[in-house]
Amino acid sequence: MSLTQPISSPPPGGQRDNRRVALWCIAVLVLMTAAGFAAVPMYRIFCQRTGFGGTVSRATTGPTGAVLAQKLTVTFDTNVRGLPWAFTPDQEDQTINIGHTGLAFFTVTNRSDQPETGHAVYNVTPEQAGAYFHKLQCFCFTDQTIPAHATIRFPVVYFVDQQFASDPDTKGYSDVTLSYTFYPAVKSATKTAKADPGLGGRPGAAL
C-alpha cells in the first residue's frame, strides 16, 4: 500500500481573494499618501478661514459697519529664511481705528546675482486676533520673483473687524503684531522676473 497522499489543491477562489486583499492594500496606501500631501494646504486653508494659530484671513470685501473710536496699534515684523534678500517694513507700526482700512508698505531687495523667488508666510500675535485681522491685498498671496539686485516695494491693505472690540478674548488688547517670513518658493523661479502688477509691486533702485 502506498503511503503517498495526494496534495489537495487550494480552493478555486483563494487566488482571487489574495488579489482582492492586495488591491485593497494598494488602494489604502495611495489614499494615505494623497491625504499626507493634501494635509498641509488643507490645514493652511483652515487656518486662513478661521484665524486659527494667529493666521490672518484673506478678505474679498472691505469692512462693513461703522468705524469704531477704539484704536489699535499694529506693529510690523519681517524675517527672511534661506533667501539672499533684505526685507523690511517701511513703517515700524501704525495706529488705526478698528473697522478702518489700513495701508502699509514693505520693501524687498534681492542681493544676489540672479532672480530669486520667495513666498511669504504670515501670522498675527496675539493668536486670538487672527480671526479678526483681514487682508484685502498682500504680496503674501502669491509667489514673488525679485530680479537680481532689484528692490521692490509692496503694499498691504488690511483691516481689523469691529468684533475684535467686543470679543472677551481680544477686547482688552490695544496692539497686535503682524509678522511675515519669506521662504524660498516651492516652485522653481522663472527666468523672466517681474513683480506681479496686481499686487502693486514697484521696482526701484538697488540698495
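- Each of H149, E116, Q144 was checked for a side chain to side chain contact (heavy atoms under 4.5 Å, CB included) with N110, and the lone residue meeting it is E116.
- Note that the CZ atom of R81 and the CG atom of L83 stand 11.0 Å from one another [nearest 0.5 Å].
- Note on ring orientation: taking the six-membered ring where Trp is involved, the planes of F106 and Y180 are perpendicular (angle over 60°, cut-offs 30° and 60°).
- Residue pairs meeting the side chain to side chain donor-acceptor pair (under 3.5 Å) criterion with at least one member in residues 156-168, sequence neighbours excluded, are Q94-Y158, Y132-D167.
- Residues T151 and T107 form a side-chain contact, since some pair of their non-hydrogen atoms from C-beta on lies under 4.5 Å apart.
- Scored by the side-chain contact (heavy atoms from CB on, under 4.5 Å) test, Y173 finds P126, Q128, F164, T170 as partners (sequence neighbours excluded).
- You'll find the side chain of H100 stays beyond 4.5 Å of the side chain of P63, heavy atoms only.
- Between the CD1 atom of I146 and the OG1 atom of T117 there is a distance of 8.0 Å, given to the nearest 0.5 Å.
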Donor-acceptor pairs under 3.5 angstrom involving side-chain atoms of residues 67-77: please list them, not counting sequence neighbours.
from: K71; atom 1: NZ; to: N97; atom 2: OD1; distance (Å): 3.0
from: T73; atom 1: OG1; to: T95; atom 2: OG1; distance (Å): 3.1
from: D77; atom 1: OD2; to: N79; atom 2: ND2; distance (Å): 2.9
from: D77; atom 1: OD2; to: S179; atom 2: OG; distance (Å): 2.8

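- You'll find the ring centres of F159 and H134 inside the 6.0 Å limit.
- Sorted by first and then second residue, the salt bridge (charged side-chain N to carboxylate O under 4.0 Å, His left out) pairs involving residues 82-105 (not counting sequence neighbours) are D90-R153.
- Using a 4.5 Å heavy-atom cutoff, the side chains of F133 and L178 are in contact.
- Scored by the ring-ring contact (aromatic ring centres under 6.0 Å, His included) test, F87 finds F139, F182 as partners (sequence neighbours excluded).
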